[in-house]
Amino acid sequence: EVQLVESGGGLVQAGGSLRLSCAASGFTRDDYAITWFRQVPGKEREGVSCFGAVDGSTYSTDSVKSRFTVSSDNAKKTVYLQLNSLKHEDTAVYSCAATRPWGTVVEGTCPREYDYWGQGIQVTVSS
């Protein structure tokens, strides 16, 4: 059974940084993709960054790519989202989701449907 567990959220001042982790278990092959989402109450969930396990390919949306970086530790099957220069408007619940099978993450194309979701983690940026 595949499970995703997020960690690393919390309260940070504007301009600060956080590193979120999404620990995946249950995958037997590197044929999956993981996407980081965020959601503010009352707004639609927004996909911000995705990662392809087969080759470590990544993509981040224009709205965050200058400040957010996605990376991974394949041995630990953990995908990270480094959040830098945080702004108050980055306050949201951040979740990771996975789908398989998936190959290379192509620029501008993250999966549209997901089989597995983490529980979500709160990131609060104080202004």
Side-chain angles (χ1 to χ4, degrees):
E1 180 185 1
V2 172
Q3 290 188 327
L4 304 175
V5 179
E6 299 102 334
S7 61
L11 174 65
V12 63
Q13 289 186 333
S17 298
L18 283 174
R19 188 177 78 161
L20 308 183
S21 300
C22 174
S25 61
F27 287 115
T28 57
R29 293 185 296 182
D30 291 337
D31 61 346
Y32 59 92
I34 287 179
T35 296
W36 280 101
F37 290 87
R38 65 182 180 182
Q39 188 167 23
V40 176
K43 294 188 177 181
E44 286 191 10
R45 184 167 53 205
E46 173 191 15
V48 297
S49 298
C50 57
F51 164 82
V54 68
D55 58 2
S57 51
T58 64
Y59 169 74
S60 293
T61 61
D62 288 344
S63 63
V64 303
K65 66 181 181 181
S66 65
R67 300 184 296 120
F68 294 2
T69 303
V70 61
S71 62
S72 70
D73 182 332
N74 283 349
K76 297 180 180 179
K77 292 196 184 300
T78 299
V79 177
Y80 304 101
L81 185 66
Q82 179 70 39
L83 314 176
N84 295 327
S85 302
L86 282 163
K87 306 174 182 179
H88 178 67
E89 51 264 41
D90 294 318
T91 296
V93 174
Y94 286 72
S95 303
C96 60
T99 190
R100 64 173 298 273
W102 198 264
T104 297
V105 167
V106 177
E107 178 75 14
T109 305
C110 292
R112 293 183 181 273
E113 297 181 351
Y114 294 86
D115 306 302
Y116 312 100
W117 289 86
Q119 80 281 3
I121 192 166
Q122 179 70 44
V123 170
T124 302
V125 184
S126 62
S127 55

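- Judged purely by atom type and a 3.5 angstrom limit, Thr99 uses its side chain to pair as donor or acceptor with the backbone of Glu113.
- Between Arg67 and Ser85, the shortest heavy-atom contact is NH1-O, 3.1 Å.
- The side-chain heavy atoms of Trp102 and Thr104, taken from C-beta on, include no pair separated by under 4.5 Å.
- Atom CD of Glu1 is separated from atom OG of Ser25 by 8.0 Å, given to the nearest 0.5 angstrom.
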Ser21 and Lys76: CA distance, side-chain angles, deciding distance, side chain to side chain contact (heavy atoms under 4.5 Å, CB included) verdict: CA-CA 11 Å; Ser21 300; Lys76 297 180 180 179; over 6 Å; no

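- The shortest side-chain heavy-atom distance between Val2 and Tyr32 does not fall under the 4.5 Å cut-off.
- When every heavy atom of Ser60 is checked against every heavy atom of Ser49, the shortest pair comes out as OG-OG, 2.7 Å.
- Across every non-hydrogen atom of Asn84 and Ser17, the tightest pair is OD1-OG, 3.0 Å.
- When atom types are taken as modelled, the side chain of Thr124 and the backbone of Thr91 share no donor-acceptor pair closer than 3.5 angstrom.
- Remark: side-chain polar atoms of Ser57 are paired, donor with acceptor, to backbone N or O of Val105 under 3.5 angstrom.
- Without hydrogens or angle criteria, Glu6 side chain to Leu20 main chain gives no donor-acceptor distance under 3.5 Å.
- Across every non-hydrogen atom of Thr35 and Pro111, the tightest pair is OG1-CD, 3.9 Å.
- Rounding to the nearest 0.5 Å gives a distance of 7.0 Å between CZ of Arg45 and OG of Ser95.
- Note: the hydrophobic cluster containing Val70 also contains Val48 (ILVMFWY, side chain heavy atoms under 4.5 Å, direct or indirect links).
- Side-chain contact between Leu86 and Leu18: present, with at least one pair of heavy atoms (C-beta onward) separated by less than 4.5 Å.
- Counting heavy atoms from C-beta outward, Asp31 and Val54 have side chains that stay 4.5 Å or more apart.
- Linking ILVMFWY residues whenever their side-chain heavy atoms come closer than 4.5 Å, directly or via other members, places Ile121 and Phe68 in the same cluster.
- Here the side chains of Ile34 and Tyr114 are not in contact, with every heavy-atom distance at 4.5 Å or above.
- Partner of Arg38 under the side chain to side chain contact (heavy atoms under 4.5 Å, CB included) criterion, out of Val64, Leu83, Val93, Leu81: Val64 alone.
- In terms of heavy atoms, Thr61 sits closest to Gly47 at CG2-O, 3.4 Å.
- Side-chain atoms of Tyr80 and Thr78, non-hydrogen and from C-beta on, do get closer than 4.5 Å to each other.
- Annotation: side chain of Trp36 is in contact with side chain of Val79 (closest heavy-atom distance under 4.5 Å).
- Note that SG of Cys96 and CZ of Phe51 are 12.0 Å apart. Values are rounded to the nearest 0.5 Å.
- In this structure, Lys77 and Phe27 approach most closely via the heavy-atom pair CE-O, 3.4 Å.
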